[in-house]
Amino acid sequence: MSIFLIRHGETLGNASRTVQLPDNPLSPRGVAQVERLARRLQAEGIAAILSSDLSRAVTTAEHLQRVTGAPISYDSVLQERSFGDLRGTPYAELGFDMFALDYAPPGGETWEVFYERVDRAWALVQETAAVAGGHLAVVTHGLVCRSLAARHLLLSDGFEVPVRWENTALTIIDHAAPWRVRLLNCVAHLDDPATRPLSDSGPG
């Protein structure tokens, strides 16, 4: 049994380098990306899907459900870090590093609050994986994936926590503890110009 950790497909906000809005939809490239991901995972024996309830993750999870038939459950604990009043702002207009460790976005989450929520998300993932009856797909967001890799997962030799988590990147985690990662941030399914991640796309 494995956990398939997945970042959602590219959104309009990713493509325009804009701080993500909660209801940001997938871009046309993002739709093509999740279709490729779904084909890659179609025969992998996914028994259940656990997803963030933000629309970009929901759409990604629904594509997986269509090819796997696995039931989906949604939980807000898997949402991306909230940047509050910054949402909808182009990165080029910020004039500062919104990811700085000491920055608290107005109306959003500090890193400490976000990490505490990711800890709860990881507990939920473990509980869900224990009763899934097969592989569990977890659809979430870039900073959530990065936090899990840095703080909860055991990386195999030669792996380092990626600074950039690609859209529809697949990370495979062996169940159960010590939760070793055997595939990290992989986008081998995005093998043509129509789906390949843009080098300057935004996070989130």
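In what follows, every heavy atom counts, from backbone to side chain, and hydrogens, waters and symmetry copies are set aside. All of these numbers come straight from a predicted model, not from anything done at the bench.
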Peer 1: What heavy-atom pair brings Tyr103 and Leu86 nearest, and what distance separates the two atoms?
Peer 2: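 Looking at all heavy atoms of both residues, the shortest contact is OH-CD1, 3.6 Å.
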
Peer 1: Identify the heavy atoms of Gln65 and Ala70 that sit nearest to each other, and give their distance.
Peer 2: CG-O, 3.1 Å

Peer 1: Assess the side chains of Ser27 and Glu10: does a donor N or O sit below 3.5 Å from an acceptor N or O?
Peer 2: yes

Peer 1: Side-chain donor-acceptor pair under 3.5 Å between Ser2 and Arg182, yes or no?
Peer 2: yes

Peer 1: For the residue pair Trp179 and Trp122, does the interplanar ring angle fall in the parallel (under 30°), tilted (30 to 60°) or perpendicular (over 60°) class?
Peer 2: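 Perpendicular, since the angle between the ring planes exceeds 60°.
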
Peer 1: Is the shortest heavy-atom distance from the side chain of Trp165 to the side chain of Val144 under 4.5 Å?
Peer 2: no

Peer 1: Are the side chain of Thr60 and the backbone of Gly9 linked by a donor-acceptor contact shorter than 3.5 Å?
Peer 2: yes

Peer 1: Got a donor-acceptor contact below 3.5 angstrom from the Glu80 side chain to the Leu143 backbone?
Peer 2: yes

Peer 1: Is it the case that the side chains of Thr59 and His8 hold a donor-acceptor pair, with the cut-off being a distance below 3.5 Å and no angle test?
Peer 2: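 Side-chain D/A pair, His8 to Thr59: absent.
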
Peer 1: Within the distance-only criterion (no hydrogens, no angle test), does the side chain of Thr140 pair as donor or acceptor with the backbone N or O of Arg7 below 3.5 angstrom?
Peer 2: no

Peer 1: Considering all heavy atoms of both residues, which atom of Thr89 and which atom of Asp85 are nearest to each other, and what is their separation?
Peer 2: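 The answer is OG1-O, 4.4 Å.
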
Peer 1: Answer yes or no: is there a donor N or O on one side and an acceptor on the other, between the side chain of Glu109 and the main chain of Ser82, under 3.5 Å?
Peer 2: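 Side chain of Glu109 to backbone of Ser82: a pair is present.
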
Peer 1: Look only at the side chain of Ser16 and the backbone of Leu12, and say whether a donor-acceptor pair between them is shorter than 3.5 Å.
Peer 2: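 Side chain of Ser16 to backbone of Leu12, a donor-acceptor pair under 3.5 Å: yes, one is there.
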
Peer 1: Is any side-chain heavy atom of Leu136 closer than 4.5 Å to a side-chain heavy atom of Ile46?
Peer 2: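 The answer is no; the side chains never approach within 4.5 Å.
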
Peer 1: Taking all heavy atoms of Val67 and all of Ala38, pick out the closest pair and write down the distance.
Peer 2: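 In this case the closest contact between Val67 and Ala38 is CG2-O, 3.4 Å.
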
Peer 1: Begin from the C-alpha positions of Leu183 and Thr171 and carry the test side chain to side chain contact (heavy atoms under 4.5 Å, CB included) through to its verdict.
Peer 2: CA-CA 5 Å; Leu183 184 70; Thr171 295; over 6 Å; no

Peer 1: I'd like to know if the side chain of Arg40 pairs up with that of His189 as donor and acceptor (distance under 3.5 Å, no hydrogens or angles considered).
Peer 2: yes

Peer 1: Could you check whether any side-chain N or O of Arg151 sits under 3.5 Å from a backbone N or O of Arg146, counting only pairs where one atom can act as donor and the other as acceptor?
Peer 2: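 Checked: no pair found.
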
Peer 1: Find out whether Asp174 and Val181 are in side-chain contact, i.e. whether some heavy atom of one side chain is under 4.5 Å from a heavy atom of the other.
Peer 2: no

Peer 1: What I'd like to find out is whether the side chain of Ile3 reaches to under 4.5 Å of the side chain of Val138, using heavy atoms alone.
Peer 2: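 The answer is yes, as the side chains (C-beta and beyond) meet within the 4.5 Å cut-off.
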
Peer 1: Can you confirm whether the side chains of Asn185 and Glu166 place a donor and an acceptor under 3.5 Å from each other?
Peer 2: no

Peer 1: Has Arg117 got a side-chain atom pairing as donor or acceptor with Val77's backbone, closer than 3.5 angstrom?
Peer 2: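 At least one qualifying donor-acceptor pair exists.
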
Peer 1: Strictly by ring-ring contact (aromatic ring centres under 6.0 Å, His included), give each pair with a member in residues 56-88 just once, sequence neighbours left out.
Peer 2: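 For residues 56-88: Phe83-Phe99.
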
Peer 1: Looking only at non-hydrogen atoms, find the nearest pair between Asn24 and Thr11 and report the distance.
Peer 2: ND2-OG1, 3.9 Å

Peer 1: Verify side chain to side chain contact (heavy atoms under 4.5 Å, CB included) between Arg29 and Leu198, making sure each step is shown before the conclusion.
Peer 2: CA-CA 10 Å; Arg29 179 184 296 268; Leu198 299 175; 3.6 Å; yes

